[in-house]
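What follows is one structure encoded as structure tokens, with my remarks underneath.
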Amino acid sequence: MVNTLASFWGKPQKAKSSDKKAEAAPKPTDDKISEEEPIAAEKVLQPVKESAKKEVSKAVKRKAAEDDSDEEFEFGEEEAGNRGGGKRRVLEESEDEEKEEEEEMKVEEEKRVEKGKSKIQLMKEKREKMKEEKKDVEMKDVEKEEEEEEEEEGKKLASVFTSKNVSSSSTTKTSGGVVKKSTTLAGKMTKDENLLSEEDMKKDWKPEAPILYQHVCEAFEHIDGISARLEIQQTMTTLFRKIIRTNPSDLINTVYLACNDVAPSYECVELGVGDSFLIKAVTETAGSNSNTIKAKYKELGDLGTVAMSAKSKQKTLGFGMKPKPLLLKDVLQSFRKVAAISGNKSQAVKVQEIKKILVRASGQECKFIIRGLQGKLRIGLARSSVIVALAHAFVLSVPKGVKPMEKWVEGGNYSDNEKFLMDLKNPLGERLEAAVNIVKKGFSECSNFDSIIDTALVHPLCDLSQHCHLTPGTPVEPMLAKPTKSVQEVLKRLNGQRFTCEYKYDGERVQVHLTEDGKVKCFSRNLLNTSDKFPEVPPFVREACESSGVTSFVLDAEVVAYNAVKDILVPFQVLSTRKREMAEGEEAEVKVIVQAFDLMFLNGQSLMAKSLSERRELMKKNFKVVQNKFRFAVSLDAQEDGDTTAIEEFLDAAIKGQCEGLMVKTLDANSQYEPSKRSLNWLKLKKDYLEGMGDSVDLVPLGAYYGKGKRTGFYGAYLLGCYNEEADEYQSVCKCGTGFSDDALQSLMKGLEEAVSESKPSGYVVSDTLEPDVWFSPSQVWEVKAADLSLSSTHKGALGKAGNPERGIGLRFPRFERLRPDKKCEQATNAEQILDMYYNQDSVKGQGGDNDDDDDDLL
DNA sequence: GTCTATTACTGGC
DNA sequence: ATCCGACACATTCGG
DNA sequence: CCGAATGTGTCGGATGCCAGTAATAGAC
């Protein structure tokens, strides 16, 4: 039963995927548990590999050392002083705290129940996990009753999981209804205290010593097994706090690893590693054979897990000296090294480098290393959650070098958030929220964790914005928009406010910066530096603003391919053929025009807090249209009055004008520039979002690919084709991997069981590079929606009829809509129709020639 | 050896 | 890009 | 008045097409 305490993170020991035994045991009923439970526990424990055992012994040790530890330990702030065990630790506590705790327990319980319910659906893997987890909790229940000591232990180490027990006893009922909003948050955070005792630190975290990668992996592992966001976040907070207390210099490394980043995005560092290299590395490390690894990958859907199992297998065989444990920074450095490798033989060298860390890694570590290199940590946590956790950590465990907040209170002009955070009288939960807002803002404006953390380790959070704020030269996270399904919906959202509609251009987002020292830079939507890709943009923009004599700015715009002769915009597909980097003085073949629509910074001043109408006014005042080079997004201002016709007409006009649709934004209320927030204030409206609009086609599934990650055990994507009557054949038109519900995924797979074919059926026109994992003989018709049709080198729709014998037609943004049981395969959309749809697109019609192969010689 | 075709990877949508 | 599902939180509903 | 049901916003992670680029494998 120790196993339930095994993990430091308080996670019930999760049986490894290879271990089906535990899951097989049905959940015992209440009265039986006490008898069966120990057995079940053994079952679970038995197959667990070394690493887990280590955890167990650690836990035991900790338990021994636990006794009197944590009362004295004070974290950053006093209001956090909640107690852990309930009865054992007698600490004076205010009523509030009590309430908070009770409240939180309730929530916890609900969550648990909910979880059990919802997960029953698909996702075999997950389901199994859940069962195990639930059972473990159950077991814990019993332990509690049987063994007082264990109960205490459990609470301390795993308060999250034990709360259920407590609430089931009695405390819950008494909780007064007074508790509101943020109390849950605060409650969680106070509980979090329990996880952090000085003893824990001493045992596992030698002060000053570099942090082990393993520690981070334990947190990852814990997070991986749960889906409750608050708990995930809290786990990270705890991790960060520990690091702040023991070795703050490793904090930055942890953050990078947790975000799966290697450098600030605008530094454009690429790992240059994909599945195939990783497979190679895993194969060689494990001394296995690449086909078995590949097969395993298909089966398990996660290369990390494959690596882990391969590694542990190999470990039992080959034996040697124990390699040095991996440090946090080793891993990060290794990643960076991999990224830096280039040139001749670089592939082999990369693999070599990866192998080097894999050899030193334990199974669990392997898993996360591999996933990390894949660029998918897949842990249910991403950057935005890391930021939240980080903010919490900084409040709850103020770094040593930072003087407590109250010392700063007077003077200075602080934002509301900052003031709120500084006032210790405010409820902790809300102060944490304020801190999150501060850090979020800091990161979105400065997008560099090094700066954020360096600052936060020295200055109090309320001063963060003084050091990390919008600066020309450093990209801001661009504001994004929310898709809208109908004009009605748009109106509903606007709700009587003044708003504007702008054309949504089919180009590439660009953020143009002018720094005080006169340099102009461009950044992409994902903050990569695209200055070299669009060398003409800086001069264009300069020209647009030269008369106004601005000294600095940050401008939001879209770069669009442009045909100056005909004065028409050219589709994205053409824009994307531009070279990534241009030699000095070289002229790009595809001409471009800048369509500006927002201004975030001007002459040393941030405009983000201003309303859109003000920003736009400033933009129009300081920039002017330059023929064929720079202009503003076409827009239409209006007041919401229930009338849809104006918008509809404008939408039509936009599409006629080679645009994708409209962006709709409020002008006054709530119209600040909010980085990266998918704020409701920006809505996007495209014709293919609208019901009954857009290009809908009926296609036949030709084959399928095994799913990965959460799609393991299902087909993750299907290869779809249209019917070519002329030759009685099916031509691939797209793959489709989105649009189906989980249920649909399951039933579609089932429905196609019969159709599975040993080999590629005759009459399928499919590129070799698209070879699916399974083929189907023609059996069903699906309705699929797409935004556009484009010429494709991989897909074969209406092959040879679209102006180029080599190329077929493919779909842009395909998604599954529904099954068409009423149609036979021969009634699927045929090649002729696909061709018509292609030519009926405004973007194709507009482009002079009959085919768009000669697009580029327009001008 | 040099030139070309193929492949893998990244990042735009 | 699109889309779905899960969670957290807010609001409404029913007893 | 409270708990349940319902709605909304956010986040995370599945997956799409297609272009250029760099490195390698293959052809001569």
Side-chain angles (χ1 to χ4, degrees), chain A residues 106-107 110-111 114-115 118-119 121-123 126 177 180-182 184-185 226-233 265 268 270-277 301 342-348 350 375-385 388 482-483 493 506-510 524-526 528 530 533 559 571-581 660 677-680 684 686 688-689 705 707-712 714-718 720 733-745 768-769 784-795 810-817:
Chain A
K106 247 190 314 186
V107 171
E110 281 162 23
K111 202 165 44 187
E114 266 259 326
K115 217 160 146 194
S118 54
K119 294 270 169 128
Q121 307 169 349
L122 307 176
M123 302 302 122
K126 283 264 178 179
K180 283 194 206 88
K181 291 187 180 179
S182 54
T184 58
L185 230 184
I226 57 180
S227 54
R229 277 223 274 279
L230 291 180
E231 192 185 335
I232 288 178
Q233 204 175 279
S265 46
C268 303
E270 295 170 5
L271 280 176
V273 163
D275 280 359
S276 56
F277 291 1
S342 72
N344 198 14
K345 299 272 184 196
S346 64
Q347 299 189 351
K350 279 185 193 224
K376 308 168 175 193
L377 223 31
R378 278 193 43 236
I379 228 177
L381 161 140
R383 189 147 68 205
S384 59
S385 305
V388 173
K482 207 184 131 71
R493 286 248 134 81
D506 188 16
E508 192 172 322
R509 187 87 174 256
V510 69
S524 75
R525 177 198 142 120
N526 291 318
L528 299 184
T530 45
K533 186 173 176 186
V559 191
F572 175 78
Q573 198 178 10
V574 175
L575 178 73
S576 72
T577 65
R578 281 179 57 116
K579 302 248 185 276
R580 293 254 204 284
E581 229 170 284
E660 290 186 285
K677 241 176 223 160
R678 235 173 191 99
S679 133
L680 293 178
K684 55 178 169 182
K686 309 210 292 196
D688 58 294
Y689 295 163
Y705 308 83
K708 304 186 181 152
K710 66 184 176 190
R711 294 257 174 101
T712 304
F714 304 94
Y715 297 130
Y718 291 86
L720 305 177
V733 145
C734 68
K735 287 198 287 177
C736 182
T738 191
F740 1 70
S741 64
D742 288 359
D743 288 339
L745 264 183
D768 292 344
T769 57
V784 166
K785 179 108 106 179
D788 272 314
L789 295 90
S790 54
L791 277 187
S792 166
S793 335
T794 47
H795 286 292
L811 305 188
R812 174 144 87 141
F813 308 148
R815 60 262 198 192
F816 174 82
E817 288 267 295

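Every chain is numbered from 1, with letters handed out A, B, ... down the list of sequences.
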Of all residues at least two apart in sequence or in a different chain, which pass the side-chain contact (heavy atoms from CB on, under 4.5 Å) check with A:Lys708?
-> A:Asp275, A:Tyr297
Option among A:Asp788, A:Thr577, A:Asp506 that satisfies the side chain to side chain contact (heavy atoms under 4.5 Å, CB included) test with A:Phe572 = A:Asp506
Would you indicate which nucleotide in C:dA6, B:dT10, D:dA23 comes nearest to any side-chain atom of A:Ser346?
-> D:dA23
Select base, sugar-phosphate, or nothing to describe what A:Ser342 touches, counting heavy atoms under 4.0 Å on all strands.
-> sugar-phosphate
Atom NZ of A:Lys482 and atom P of D:dG9: how far apart are they, to the nearest Å?
-> 6 Å
Give one of base, sugar-phosphate or nothing for A:Leu575, where a contact means two heavy atoms less than 4.0 Å apart.
-> nothing
Just checking A:Lys350: base, sugar-phosphate only, or nothing, at a heavy-atom cut-off of under 4.0 Å?
-> nothing
Among the nucleotides B:dG12, C:dC4, D:dG9, which one has an atom lying closest to any side-chain atom of A:Phe572?
-> B:dG12
Looking across every strand, which nucleic acid part, if any, lies under 4.0 Å from A:Lys345 by heavy atom: base, sugar-phosphate, or nothing?
-> sugar-phosphate
Report yes if the side chains of A:Asp688 and A:Arg815 come closer than 4.5 Å at any heavy-atom pair, otherwise no.
-> yes
Atom-to-atom span, CG of A:Asp742 to P of C:dC3 - whole angstrom = 16 Å
Tell me, for nucleotides 11-19 of chain D in 5' to 3' order, what letter each nucleotide earns: B for a base near a protein heavy atom under 4.0 Å, S for only sugar-phosphate near one, - for neither?
-> BBBSSBSSB
Minimal non-hydrogen separation, A:Tyr718 against A:Tyr705, with atom names = C-CE1, 4.2 Å
Drop me the distance from A:Lys533's NZ to A:Glu581's CD, to the nearest 0.5 angstrom.
-> 11.0 Å
In whole angstrom, give the distance that lies between atom CD1 of A:Ile226 and atom P of C:dA6.
-> 16 Å
Separation of atom CG in A:Leu271 from atom C1' in B:dC9, rounded to whole Å | 11 Å
Shortest non-hydrogen separation from A:Pro814 to A:Val784 and the atoms involved = CB-CG1, 4.2 Å
Whole angstrom is fine here: how far is it from CZ in A:Phe277 over to P in D:dT24?
-> 8 Å
Sugar-phosphate, base or nothing in reach of A:Asn344, heavy atoms under 4.0 Å = sugar-phosphate
Could you give the NZ-to-C1' distance, from A:Lys579 to D:dT21, as a whole number of Å?
-> 10 Å
Counting any heavy atom closer than 4.0 Å, what does A:Asp506 reach on the DNA or RNA strands: base, sugar-phosphate only, or nothing?
-> nothing
Within the structure, does a side-chain N or O atom of A:Ser524 lie under 4.0 Å from either OP1 or OP2 of B:dG12?
-> yes
Take the protein atom NZ of A:Lys533 and the nucleotide atom C1' of D:dG20, then report the distance between them rounded to whole Å.
-> 9 Å
Rounded to whole angstrom units, what separation is found between the CD atom of A:Glu270 and the C1' atom of B:dG12?
-> 13 Å
Roughly how far, to the nearest 0.5 Å, is CG of A:Leu720 from NE2 of A:His795?
-> 9.0 Å
